[in-house]
Amino acid sequence: MKIQPTTYDGYKLLHEGVLALADIEENGMCIDIEYCKKQQNHLARRIKHLEKKLLKDKTVKKWKKKYGSQFNFDSDTQMAKMFNVDSAKQEVMEQIGDPIIDTLILRKRLSKARNTYVANYIREAVDGMLHPFFHLHTTRSIRSSCSNINFQNQPVRIELIKKIVRRAVIPRPGNIIGEIDYSGQEVKVATCNHKDPEMIKELNDPSRDMHRDMAMMCYKVPKDLMTSKIRYCGKNKFVFPQFYGDYYVHNATDLWNAITTLNLELKNGIPLHKHLKSNKLGTYSKFESHIKKVEKYFWEDKFSVYADWKQQIWDDYCDTGQVFLYSGFVCSGYMERNKVINMPIQGPAFHCLLWSLIKINKWLKETGKQTKVIGQIHDSIVLDIYPPELNEVIEKCRKIMTEDIVTHWPWLIVQLKIDVELTPVDGSWYLKEEVKRADCHECGSSWMWQKEDGDEEYWECPVCENIETVPF
DNA sequence: CCAGGACGCGCG
DNA sequence: AAAGCGCGCGTCCTGG
């Protein structure tokens, strides 16, 4: 497969992109090495402790006896064999229902945190600074990649592991780490391609919520009994997989397994399994044929224009052997259907970030700011922010990322939006939380955390820790 | 003994 | 007709 620029604009994006990413590499980020070393020892002890506990288990005892000196907790082959499964994947292991599995999974997670993440901070940091490489020449998608360390896959989904790992990344003394991300950028860039009026309505009407609606449909849950967990499953086990070309059998399996592994229940406390049973979806095979119907509705009724576009882009590729990208590129060579459909979306979505990154970095340099870009994660920019520059920097980023870019690329026909997350002054990356527009009367910062204490809502300033009960 | 493949898992 | 896209890294394991 080959991919190349079709326009000078495309070429220039990569050229200037490489230079901007080189600046970011040079800037680097601060690492709390002392913390990393302590944490590494702590994790070693914790893992050893878990292994001691595991060795008291019946199955693990058998496992050790069978393999003797070859016995190894890290061997997936051994583990799968002992538990009579084809694969040692977590989702497979979880289905066994043996209580020892939780401990085995925890051991695996802690081991990964130690051996992959914390160890690499220590290995790659020089004098407390880390300089990950950001590449633009490695991927099939024309996204970026990142190595030594891979800053783009630092844990965030599991609270315990997130804390262990992200605690190591800290701002320069007196500064704040800020992350500005495009919200829903891939869905929006897809929409710029297919222009499905139903999706445009979804995106323009803030009262609508397709992830919630699809979750409701998949599990037959009425609106007033919905929970955020059920919505999460609709979004991540049906909607997104469908956009990437997944199909109902896989979706149904995932959605079905999630009911037990995530302990799903309705808002009124009724277990989801019970709820499905009373709606005649009590067995997997009934549930699967239900999801088949949901898939049919999704593509034939709800997003039929999107479906037509997918067919069109595939037909065009079959005729010409080419796929064109709005950001100024063409792909040719052998590709499977799902890859073809994805190509015009994934790359250009990243290119919006890259274009913005180039402008933001240039502005920071030209105006002599102390704030620096220190990283990039596909649809977000990570900054080390000098607090007196906070308001100005965020405003400039907002303007570039949501206004200037639309002027540059008129194919961006839907409204773009950013979200902002900040750490406290001197606070680690783990502590970053979303901020909203709200003025702090103490220090003049325009961005505050919206917090709750029981029924009481209040606002806290990341810069000066001031608390406001009535902002603005 | 080493290189490279397979697998698993972290992220968007 | 095929059956989720894109990455990097650590570990195990196989074949030469």
Side-chain angles (χ1 to χ4, degrees), chain A residues 1 3 67 70-81 85-93 104-105 108-121 123-124 132-158 161-162 164-166 179 181-187 189-190 236-254 291-292 295 299 310-311 314-315 318 323 331 335-350 352-353 375-382:
Chain A
M1 198 213 75
I3 189 154
Y67 288 93
Q70 296 296 305
F71 169 77
N72 183 353
F73 276 116
D74 284 324
S75 167
D76 293 336
T77 321
Q78 291 179 15
M79 200 199 285
K81 211 167 254 169
V85 282
D86 297 333
S87 153
K89 256 196 278 226
Q90 268 175 41
E91 46 168 300
V92 175
M93 297 296 288
L104 275 168
I105 289 176
K108 219 173 186 181
R109 285 180 176 154
L110 292 177
S111 169
K112 177 144 181 157
R114 183 183 133 91
N115 300 336
T116 300
Y117 295 102
V118 178
N120 274 351
Y121 284 146
R123 195 184 74 204
E124 297 293 332
F133 300 134
F134 291 93
H135 318 280
L136 279 185
H137 66 287
T138 60
T139 66
R140 295 170 66 81
S141 56
I142 312 213
R143 265 194 181 184
S144 65
S145 71
C146 180
S147 65
N148 308 84
I149 62 161
N150 182 354
F151 183 63
Q152 295 174 325
N153 74 346
Q154 303 298 304
V156 70
R157 290 172 196 169
I158 295 162
I161 307 299
K162 172 187 179 184
I164 290 169
V165 174
R166 295 200 174 207
E179 199 164 328
D181 75 289
Y182 272 121
S183 67
Q185 191 66 5
E186 272 197 22
V187 174
V189 169
N236 294 301
K237 298 176 193 298
F238 184 82
V239 178
F240 274 126
Q242 282 290 336
F243 285 160
Y244 288 136
D246 207 354
Y247 78 127
Y248 71 94
V249 173
H250 187 205
N251 296 150
T253 312
D254 266 11
I291 296 301
K292 186 176 181 179
E295 183 190 62
W299 290 113
K310 291 207 291 188
Q311 192 56 45
W314 173 242
D315 288 346
C318 291
V323 188
C331 320
M335 280 179 282
E336 283 143 331
R337 190 176 193 271
N338 283 339
K339 284 170 190 145
V340 169
I341 287 158
N342 233 275
M343 198 55 87
I345 301 170
Q346 225 175 49
F350 167 67
C352 293
L353 194 277
Q376 161 270 123
I377 312 175
H378 309 300
D379 65 356
S380 76
I381 291 176
V382 184

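Chain letters run A, B, ... following the sequence lines, proteins first, then strands; residues in each count from 1.
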**Report entry** Gap between atoms CZ and C1', on A:R140 and C:dG4 respectively (whole Å)
**Finding:** 16 Å

Query raised in the report: If you draw a 6.0 Å radius around CZ in A:F73, do more than 12 non-hydrogen atoms from other residues or ligands fall strictly inside?
Result: yes

Query raised in the report: When rounded to the nearest 0.5 angstrom, what distance separates CZ in A:R123 from CD1 in A:I149?
Result: 10.0 Å

Query raised in the report: How would you label the contact of A:Q346 with the nucleic acid (heavy atoms, under 4.0 Å): base, sugar-phosphate, or nothing?
Result: base

**Report entry** Heavy-atom donor-acceptor pair, A:Q90 side chain to A:I105 backbone, under 3.5 Å
**Finding:** no

Query - Under 4.0 angstrom between A:S141 side-chain N/O and C:dC5 OP1 or OP2 - result: no

Report task. Mark yes or no for whether A:R166, through its side chain, and A:Q154, through its backbone, hold a donor-acceptor pair below 3.5 Å. Result -> yes

Query raised in the report: From C:dG8, C:dA3, C:dG6, pick the nucleotide closest to the side chain of A:K339?
Result: C:dG6

**Report entry** For A:A349, all residues meeting side-chain contact (heavy atoms from CB on, under 4.5 Å), sequence neighbours excluded
**Finding:** A:Q185, A:E186, A:V189

Query raised in the report: Base, sugar-phosphate alone, or nothing: which one does A:V165 contact when heavy atoms must sit under 4.0 Å apart?
Result: nothing

Query raised in the report: Around atom CG of A:D86, are there more than 12 heavy atoms of other residues, nucleotides or ligands at under 6.0 Å?
Result: no

Query raised in the report: What is the distance, rounded to the nearest whole Å, between atom CD of A:E186 and atom P of C:dC7?
Result: 12 Å

Query raised in the report: Where along residues 237-246 of chain A does a heavy atom come under 4.0 Å from DNA chain C, residue by residue in number order?
Result: A:P241, A:Y244, A:G245, A:D246

Requested in this report: Quick one: label A:S380 by what it contacts on the DNA or RNA (base, sugar-phosphate, nothing), any heavy atom closer than 4.0 Å.
Outcome: nothing

Query raised in the report: Between A:E295 (CD) and C:dG4 (P), how many Å, whole number?
Result: 11 Å

Query raised in the report: What do you reckon, is NZ of A:K162 surrounded by more than 12 foreign heavy atoms closer than 6.0 Å?
Result: yes

Query - Interatomic distance, A:W314 CH2 vs C:dA3 P [rounded to whole Å] - result: 10 Å

Query raised in the report: Can you tell me how far P of C:dC5 sits from CG of A:N338, to the nearest Å?
Result: 5 Å

Report task. Give one of base, sugar-phosphate or nothing for A:A349, where a contact means two heavy atoms less than 4.0 Å apart. Result -> nothing

Report summary line: Annotated structure of DNA chain C as dot-bracket, pair cut-off 3.5 Å, Watson-Crick or G-U only, | for inter-strand, is ....||||||||||||

Query raised in the report: Can you find a side-chain donor-acceptor pair between A:Q242 and A:N251 that sits under 3.5 Å?
Result: yes

Query raised in the report: First and last nucleotide of DNA chain B touching chain A, 5' to 3', heavy-atom cut-off 4.0 Å?
Result: B:dG8 to B:dG12

Report summary line: Rounded to the nearest 0.5 Å, the CG atom of A:L104 sits from the CE atom of A:M93 at a distance of 6.0 Å

Query raised in the report: Residues in side-chain contact (heavy atoms from CB on, under 4.5 Å) with A:R140, at least two apart?
Result: A:M1

Query raised in the report: Going from CG on A:L136 to CD1 on A:I142, what distance comes out if it is rounded to the nearest 0.5 angstrom?
Result: 9.5 Å

Report task. Answer yes if the ring centres of A:F240 and A:F238 are under 6.0 angstrom apart, and no otherwise. Result -> no

Report task. With DNA chain C as reference, determine whether A:N148 or A:R143 sits nearer its 5' end, using the nearest nucleotide of each. Result -> A:R143

Requested in this report: With rounding to the nearest 0.5 Å, note down the distance linking SG in A:C146 to CZ in A:F133.
Outcome: 9.5 Å

Query raised in the report: Is there a side-chain polar atom (N or O) of A:H250 under 4.0 Å from OP1 or OP2 of C:dA3?
Result: no

Requested in this report: List the steps, then state whether side-chain contact (heavy atoms from CB on, under 4.5 Å) holds for A:D76 with A:K108.
Outcome: CA-CA 11 Å; A:D76 293 336; A:K108 219 173 186 181; 3.1 Å; yes

Query raised in the report: What is the distance from CZ of A:F350 to C1' of C:dC7, rounded to the nearest Å?
Result: 12 Å

Query raised in the report: C:dC7 C1' sits how many Å from A:F133 CZ, rounded?
Result: 17 Å

Report summary line: Going 5' to 3' through nucleotides 10-16 of chain C and flagging B where a protein heavy-atom sits under 4.0 Å of the base, S where only the sugar-phosphate is that close, and - otherwise, we get SSSS---

Requested in this report: Provide, to the nearest angstrom, the distance between the CG atom belonging to A:N153 and the P atom belonging to C:dC7.
Outcome: 14 Å

Report task. Verify whether one side chain among A:Q346 and A:Y244 offers a donor that lies under 3.5 Å from an acceptor in the other. Result -> no

